[in-house]
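Everything below concerns the one structure shown next.
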Amino acid sequence: MESPKIHILLFYKFVKLRSLEELKQKHLSFMKESNMRGRVLLGKEGINGSVSGSKEQVEKYKTWLTTDKRFFDIVFKEEIGLGFPFRRNSILIRDEIVTLGKKVDVNKGGEYITSKELKELYDKGLQDTIILDARNDYEYEIGHFKDSIHLDINNFREFPKALEKIENLKDKKIITFCTGGIRCEKATAYMKKVGFKDVSQLKNGILTFGKEY
């Protein structure tokens, strides 16, 4: 008998949040009542999470979360698995929902480039454009874009220091990519802050590109 498919949602949004403990308890209650499993990070700067369950359960979660006006336009990336990727529910309050260790304004990050636009750029031979992988070593080994630069980092906290390796590229056109998009929000904001002139980011990450192509 075929095992039931598990639907996995990945999502984030940078938005100012208050009453984090209250939001945490609401999440825990909903997840428990819905018999779902997942990991959600909450911080003053926003939300970053992944939850899993049946198709019906994740659709219910989408509806529940987006009824909160702070999350009405959140983008969900959905994957299918054969089992739960999480053993239990973990709802955590953190200073950063993705840890860079540097204060940045994500509203001053790089412009978005779509999967279609990146594909067209590759078809034309990149034309002096640098593709920068903002992910960790093990993610790079699993798969990456052709001719992309990797900074050889074990975790995202190492990104600012590792960026010094490519200071000579500050005047080049650079497109960053990461898994679902969230790290690139901070990566491009930091890059612009330290003097990189022309920085863009792949919208919704390599996950979305992989689905489309």
Side-chain angles (χ1 to χ4, degrees), residues 8-28 30-31 37-52 61 65-66 68-77 79 85-112 132-140 150-166 174-196 199-208:
I8 305 160
L9 297 180
L10 294 91
F11 56 91
Y12 73 88
K13 184 178 181 182
F14 285 99
V15 58
K16 290 182 179 180
L17 297 179
R18 298 178 180 177
S19 305
L20 296 176
E21 187 60 40
E22 180 183 350
L23 185 57
K24 172 183 175 179
Q25 294 306 319
K26 286 182 178 179
H27 253 89
L28 283 171
F30 182 89
M31 298 286 284
R37 300 180 198 173
R39 184 173 189 266
V40 178
L41 301 181
L42 301 170
K44 292 180 180 180
E45 65 179 6
I47 185 172
N48 178 20
S50 181
V51 300
S52 58
Y61 180 85
L65 188 62
T66 54
D68 186 321
K69 62 182 181 181
R70 296 170 294 184
F71 309 126
F72 78 98
D73 58 349
I74 203 164
V75 175
F76 295 98
K77 302 169 195 71
E79 301 288 325
F86 309 100
R87 293 182 178 179
R88 59 187 178 86
N89 287 321
S90 180
I91 315 297
L92 305 170
I93 295 174
R94 291 285 187 264
D95 290 334
E96 296 183 84
I97 57 172
V98 57
T99 305
L100 180 65
K102 299 287 186 180
K103 189 173 182 179
V104 295
D105 183 353
V106 294
N107 294 313
K108 296 180 179 179
E111 297 293 325
Y112 292 121
L132 177 63
D133 191 334
R135 302 173 303 155
N136 305 335
D137 287 337
Y138 71 91
E139 295 168 305
Y140 179 82
H150 186 249
L151 298 177
D152 192 25
I153 58 177
N154 292 312
N155 59 68
F156 192 50
R157 287 185 294 272
E158 298 175 4
F159 182 84
K161 179 66 177 176
L163 201 60
E164 295 175 6
K165 300 175 185 177
I166 59 169
I174 299 177
I175 298 173
T176 69
F177 72 93
C178 46
T179 304
I182 186 170
R183 278 174 285 186
C184 286
E185 303 275 11
K186 283 195 168 182
T188 57
Y190 181 75
M191 290 175 73
K192 292 179 72 175
K193 184 177 181 180
V194 298
F196 285 82
V199 183
S200 303
Q201 56 184 303
L202 177 60
K203 189 174 184 179
N204 296 322
I206 199 170
L207 284 179
T208 297

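Just so it is clear, the structure is predicted and the values come from calculations on it, not from any experiment.
The ring-ring contact (aromatic ring centres under 6.0 Å, His included) check on F196 picks up nothing, with sequence neighbours excluded. Every ring-ring contact (aromatic ring centres under 6.0 Å, His included) that F177 has, sequence neighbours left out, goes to F145.
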Using distance only, find each side-chain donor-acceptor pair of residues 151-162 under 3.5 Å and give its atom names and separation, not counting sequence neighbours.
{"residue": "N155", "atom": "OD1", "partner": "R157", "partner atom": "N", "Å": "3.1"}
{"residue": "E158", "atom": "OE1", "partner": "N154", "partner atom": "N", "Å": "2.8"}
{"residue": "K161", "atom": "NZ", "partner": "E164", "partner atom": "OE1", "Å": "3.2"}

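Between the side chain of N136 and the backbone N or O of Y138, no donor-acceptor pair lies under 3.5 Å. Side-chain N or O atoms of N48 include one that pairs as donor or acceptor with a backbone N or O of I97 at under 3.5 Å.
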Exercise for the section: Walk me through it: do H27 and V51 pass the test side-chain contact (heavy atoms from CB on, under 4.5 Å)? Expected result: CA-CA 11 Å; H27 253 89; V51 300; 5.8 Å; no
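Closest heavy-atom contact between L17 and G46: CD1-O, 3.4 Å. Of all non-hydrogen atoms in Y12 and K77, the two that sit nearest each other are CE2-NZ, 4.0 Å. Shortest non-hydrogen contact noted between V98 and K186 is O-NZ, 3.0 Å. Shown here for L202 and I175, the closest heavy-atom pair between the two residues is N-CG2, 4.4 Å. Taking all atoms of both residues into account, the shortest heavy-atom contact from R37 to M31 is C-CE, 3.5 Å. For the pair I8 and S52, the tightest heavy-atom approach, listed with the atom from each and the gap, is CG1-CB, 4.1 Å.
The neighbour count for K165 NZ, taken as heavy atoms of other residues, nucleotides or ligands under 6.0 Å away, is above 12. At most 12 non-hydrogen atoms from other residues, nucleotides or ligands lie less than 6.0 angstrom from NZ of K203. The environment of Q25 atom CD is dense: over 12 non-hydrogen atoms of other residues, nucleotides or ligands sit within 6.0 angstrom. Within 6.0 Å of the CG atom in D95, the count of heavy atoms belonging to other residues, nucleotides or ligands does not exceed 12.
Relative ring orientation between F11 and Y61 is described as tilted, the plane-to-plane angle lying within the 30° to 60° band.
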